[in-house]
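To keep things clear, I will list the structure first and then write my remarks on it.
Just so it is clear, the values below take in all heavy atoms, side chains as well, and ignore hydrogens, waters and symmetry mates.
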Amino acid sequence: MTTIADRLALAQRRIAQAAQISSRNASEIKLLAVSKTKPVADIEQAYAAGQRCFGENYVQEGQLKAMELAQRCPDIEWHFIGPLQSNKSRIVAEHFHWMHTLEREKIARRLSEQRPEGMPPLEICIQINVSGESSKAGIATQSEMFELASLVDSLPNLKLRGLMTIPSAGEGPRLEAELSHMQQLFAELKLKFPQVDTLSMGMSQDLELAIAKGSTMVRVGSAIFGERNYG
């Protein structure tokens with residue numbers, strides 16, 4: 001029976017091997033442990049094994065975990081990676097370090113306005129709907145990307161870091177084309193905004209290909225914590 005520490009180490013080895021194959025430095029690629037629906041005890045096990053970056057999809061669940069672990073695990077970096085309704089933006093502004101799923105001007109303005117005084121700017125990734133699927137969130141065009149990036153760059157309590165996507169499920173030419181397109185959009189965004197350094201793409205099933213296409217942050221949940229808990 002493998003432990004969370006074992007599975008974390010395996011994920012890190014997968015990242016290192018994929019980086020080596022792509023002639024990249026593994027230190028450029030961050031592992032985000034997706035802890036949605038998982039108990040605080042699992043997060044503490046991962047923390048004890050050296051993991052510091054955790055991703056949550058649900059606003060109130062993430063808030064409760066951040067509050068409970070604030071004293072015991074003070075240097076956790078909390079990433080919000082789920083859909084965000086405007087009436088819950090204050091929770092993200094107050095309790096998270098990163099927001100990966102920005103797609104609307106209204107949310108951007110609210111996050112900046114609601115970020116507490118004294119906290120560093122909220123790190124922002126813009127979500128791109130690279131697959132074009134109606135079931136997925138994110139902006140669809142390059143012009144929208146630049147428009148939203150310019151707004152984020154102008155807001156005082158936000159910091160533009162890059163792009164995030166959830167590509168098509170499965171594997172094959174379609175997935176490779178989508179990840180290549182994200183790589184191109186990321187390069188174009190960096191030309192206009194030199195501080196941009198984050199391409200958040202790749203999950204348990206496709207992290208090797210994502211790294212080959214320039215990902216700097218892979219979001220791994222089930223390969224670390226096991227299948228998602230429902231109910």
Side-chain angles (χ1 to χ4, degrees), residues 30 32-36 43 52-71 73-130 136-166 182 185-201 214-219:
K30 183 179 288 188
L32 181 62
V34 178
S35 47
K36 63 181 179 184
I43 297 173
R52 291 296 180 268
C53 302
F54 293 87
E56 291 286 333
N57 283 59
Y58 308 114
V59 174
Q60 282 149 315
E61 179 187 346
Q63 176 191 18
L64 291 173
K65 288 175 177 177
M67 292 171 68
E68 182 172 346
L69 291 171
Q71 299 300 318
C73 308
D75 55 340
I76 281 183
E77 187 177 270
W78 293 103
H79 294 240
F80 186 73
I81 58 174
L84 181 61
Q85 299 170 322
S86 58
N87 64 344
K88 294 181 179 177
S89 59
R90 182 178 296 278
I91 297 174
V92 172
E94 291 180 350
H95 294 279
F96 286 82
H97 303 91
W98 284 69
M99 158 64 167
H100 286 233
T101 52
L102 186 69
E103 60 170 346
R104 289 191 289 148
E105 175 184 338
K106 179 181 179 180
I107 296 288
R109 293 190 184 281
R110 286 177 68 92
L111 288 170
S112 183
E113 291 165 2
Q114 294 168 340
R115 188 71 166 168
E117 187 175 345
M119 289 185 75
L122 184 64
E123 315 278 1
I124 297 291
C125 289
I126 294 169
Q127 184 171 2
I128 306 293
N129 185 354
V130 72
K136 290 179 179 171
I139 60 177
T141 67
Q142 183 190 66
S143 60
E144 286 179 291
M145 176 186 77
F146 280 121
E147 184 177 345
L148 189 54
S150 295
L151 173 66
V152 171
D153 193 51
S154 73
L155 292 171
N157 296 315
L158 304 183
K159 182 177 180 180
L160 179 66
R161 293 297 295 268
L163 301 176
M164 176 270 203
T165 197
I166 303 171
M182 286 300 302
L185 288 176
F186 181 55
E188 291 169 356
L189 189 66
K190 285 201 292 185
L191 286 176
K192 188 167 183 181
F193 301 95
Q195 78 273 26
V196 162
D197 60 3
T198 301
L199 179 54
S200 172
M201 72 179 186
S215 173
T216 69
M217 186 181 295
V218 294
R219 308 182 304 272

Quick one: closest heavy-atom pair of [X] and [Y], and the distance?
X: V92; Y: F80; value: CG2-CG, 4.0 Å
X: L102; Y: L148; value: O-CD2, 4.0 Å
X: H100; Y: M217; value: CE1-SD, 3.3 Å
X: L69; Y: I76; value: CD1-CD1, 4.1 Å
X: P156; Y: P121; value: O-CG, 4.5 Å

Can any side-chain N or O of [X] pair as donor or acceptor with the backbone N or O of [Y] at less than 3.5 Å?
X: E144; Y: A140; answer: yes
X: K65; Y: S35; answer: yes
X: R115; Y: P120; answer: yes
X: S86; Y: I107; answer: no
X: T101; Y: I81; answer: no
X: R219; Y: G55; answer: no
X: R161; Y: C125; answer: no

Heavy-atom side-chain proximity of [X] to [Y] below 4.5 angstrom:
X: L158; Y: M99; answer: no
X: L160; Y: I126; answer: yes
X: N57; Y: V34; answer: yes
X: L155; Y: L151; answer: yes
X: T198; Y: L163; answer: no
X: S89; Y: L84; answer: yes
X: I43; Y: E56; answer: yes
X: E77; Y: E123; answer: no

Query raised in the report: Should the pair F96 and W78 be assigned to parallel (<30°), tilted (30 to 60°) or perpendicular (>60°) ring geometry?
Result: perpendicular
About how many Å separate [atom2] of [Y] and [atom1] of [X], when rounded to the nearest 0.5 Å?
X: R109; Y: S154; atom1: CZ; atom2: OG; value: 6.5 Å
X: K30; Y: S215; atom1: NZ; atom2: OG; value: 12.0 Å
X: L189; Y: M182; atom1: CG; atom2: CE; value: 9.5 Å
X: K88; Y: Q114; atom1: NZ; atom2: CD; value: 14.0 Å
X: H79; Y: L32; atom1: NE2; atom2: CG; value: 5.0 Å
X: I128; Y: M164; atom1: CD1; atom2: CE; value: 10.5 Å

Query raised in the report: Could you go step by step and tell me if I166 and Q127 meet the side-chain contact (heavy atoms from CB on, under 4.5 Å) rule?
Result: CA-CA 8 Å; I166 303 171; Q127 184 171 2; 4.1 Å; yes
**Report entry** Carboxylate-amine/guanidinium contact E188 K192, below 4.0 Å
**Finding:**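 Looking at E188 and K192, the cut-off is not met.
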Query raised in the report: Ion pair present between R90 and E94, side-chain N to carboxylate O less than 4.0 angstrom?
Result: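 Salt bridge: yes.
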Requested in this report: Test side-chain hydrogen bond (donor to acceptor under 3.5 Å, both in side chains) on E103 and N129 and set out the steps.
Outcome: CA-CA 10 Å; E103 60 170 346; N129 185 354; over 6 Å; no
